[in-house]
**Q** 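Sharing a structure, written as structure tokens. Questions coming.
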There are 2 protein chains.
Amino acid sequence: MATISSAKPDELAAAAFALFSTRGIAGVNMDEIAAGAGVTKGSLYWHYASKKEVILAACNLYYSAWRIQIAGATEVHERLADQLEAAVAFSVRSCLLDDANRVFTTEIVAMSLYDADVRASWTGFLDETERFFLGLTHRAVGAGEFRCDDVDRAVDLLMASMEGIKQIALFRPQSCLPENEQRTCRRLMSLMGERVPVHVPV
Amino acid sequence: MATISSAKPDELAAAAFALFSTRGIAGVNMDEIAAGAGVTKGSLYWHYASKKEVILAACNLYYSAWRIQIAGATEVHERLADQLEAAVAFSVRSCLLDDANRVFTTEIVAMSLYDADVRASWTGFLDETERFFLGLTHRAVGAGEFRCDDVDRAVDLLMASMEGIKQIALFRPQSCLPENEQRTCRRLMSLMGERVPVHVPV
DNA sequence: ACCGCGCCATACCGACCGGTATTGAGCGCC
DNA sequence: GGCGCTCAATACCGGTCGGTATGGCGCGGT
């Protein structure tokens, strides 16, 4: 058979992420993760030394997916203001509609309360997200496409609001309805600043 | 001895809350909860049928403490705008500085992912909190002390931001510094609307 | 004096789970 | 063919924890 083997750890991490994001981290044991990838626990422990390593690998998988998705959602737009709006819309959608996202991130946050490694991992992701929005907003403002008096304040509030929205959506299912999703996007954008209307030459 | 006994369940719940809020719900077992109240597990199970009942009792204790604290923080002010500002300041402070608050609520939110009873309990608390801020803001606006075009939007964003701030503070210790705490309060208030200056007769 | 009952302690069960020890199958290499 | 490496499967250990069974102790009622 001679499996190339280099992809196996990723396969295992993917199986772990799939289970974690539906049944939670504590709700899944190592036997089930192994079974999800078609192997047994003995093999799983050959690739990862502990459950925590599996969790951190699943985190990295999540971060990679996020990078790809938000890049795909924004890069289709030419104008920077549109990119910013698309990035916010993508984030809101994933907060409100993506149950896997909510389950996984909530568990990771809870785990960060006690585990410094997991906390460091998530801190890195938060930093990356913040840099993304800061950079995009600054560029949109610099290009004269968006008006925002205090970009740092705006992005800070945006980040907090999005985390809060994701959390509260668990308790307010009606906030996940399409019309409320759009309203949430508008509210978040109005919190950021306002678009500069395109100058249409006559 | 003949202990009055009526206070015992609350004592047990208080011991449970103290442990939950420092070491998490999953990190505390029934023996430790009982020991924290000076009894053994047998007694604990005489008062509560399951660990979940203990958890829900600890939740109710938390809600009661919140009611008392936020009432105490606001009622010292005469003007409604001041009350609103004090309520926001209290919430921010408890989000940023109160580790027990963060640990307990994060665990409850994570538990709500899978347990409908816990979720219902926390939903009730969120509703209560929202009603509190909606009512206070509406009254402040009605009394002409505060200007806010869309109270529903403002309170929605406020609730989301506060939950997000509490969560993100775990990963950004510097946001808990006093100067950043005040800045956060100002940002949240600016998100709500603006105070109407007191009319000082000359 | 006796009983019932509220309250508590002791001892224990059974299930679960992370992690390990051990063995073996396939494969490249000499 | 024999050796050694990689990777996988089986069985098992040690410990934890929620929950239960059972018995005891003191008090109030009669």
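Chain letters run A, B, ... following the sequence lines, proteins first, then strands; residues in each count from 1. Both backbone and side-chain heavy atoms feed into the values below; hydrogens, waters and symmetry mates do not.
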**Q** Assess the side chains of B:Ser121 and B:Tyr63: does a donor N or O sit below 3.5 Å from an acceptor N or O?
**A**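 Per modelled atom types, B:Ser121 and B:Tyr63 side chains form a pair under 3.5 Å.
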**Q** In whole angstroms, how far is the C1' atom of D:dG19 from the CD atom of B:Glu53?
**A** 13 Å
**Q** Across nucleotides 19-25 of chain C, 5' to 3', mark each nucleotide with B, S or - according to how protein heavy atoms within less than 4.0 Å reach it.
**A** BB-----
**Q** Is it the case that A:Arg153 and B:Ser190 place a side-chain donor and acceptor less than 3.5 Å from each other?
**A**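 Note: A:Arg153 and B:Ser190 side chains meet the donor-acceptor criterion.
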**Q** Between B:Glu128 and B:Arg131, does any side-chain N to carboxylate O distance fall below 4.0 Å?
**A**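 Salt bridge: no.
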**Q** Looking only at side-chain N and O atoms, does A:Ser43 come under 4.0 Å of OP1 or OP2 in D:dC7?
**A** no
**Q** If the threshold is 4.0 Å, N to carboxylate O, is there a salt bridge linking B:Asp98 and B:Lys166?
**A**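 Judged by the 4.0 Å cut-off on N to carboxylate O distance, B:Asp98 and B:Lys166 do not form a salt bridge.
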**Q** Look at A:Thr40 and D:dA9 and indicate whether a side-chain polar atom (N or O) is within less than 4.0 Å of OP1 or OP2.
**A**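 True: A:Thr40 side-chain N/O within range (under 4.0 Å) of D:dA9 OP1/OP2.
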**Q** Give every donor-acceptor pair under 3.5 Å between a side-chain atom in residues 27-39 of chain B and any protein atom, sequence neighbours left out.
**A**
from, atom 1, to, atom 2, distance (Å)
B:Asn29, OD1, B:Asp31, N, 3.1
B:Asn29, OD1, B:Glu32, N, 2.9
B:Glu32, OE1, B:Arg23, NH2, 3.1
B:Glu32, OE1, B:Asn29, N, 3.0
B:Glu32, OE2, B:Arg23, NH2, 2.9

**Q** Base, sugar-phosphate, or nothing: which does B:Val28 touch, judged by heavy atoms less than 4.0 Å apart?
**A** sugar-phosphate
**Q** Could you tell me the separation between the CG atom of B:Asn29 and the P atom of D:dG15, rounded to a whole number of Å?
**A**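 About 16 Å, once rounded to whole Å.
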**Q** Between atom CD in A:Glu11 and atom C1' in D:dA8, what is the gap in whole Å?
**A** 13 Å
**Q** Report the distance from atom NE2 of B:His47 to atom C1' of C:dA9, rounded to the nearest whole Å.
**A**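 For the pair B:His47 NE2 and C:dA9 C1', the rounded distance is 13 Å.
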**Q** Would you say that A:Trp66 contacts A:Phe132 through its side chain, given a criterion of any heavy-atom pair below 4.5 Å between the two side chains?
**A** yes
**Q** Rounding to a whole Å, what distance do you find between A:Ile33:CD1 and C:dC16:C1'?
**A** 15 Å
**Q** Quickly work out the B:Trp46 CH2 to C:dC5 P distance and round it to whole Å.
**A**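 After rounding, the reported distance stands at 12 Å.
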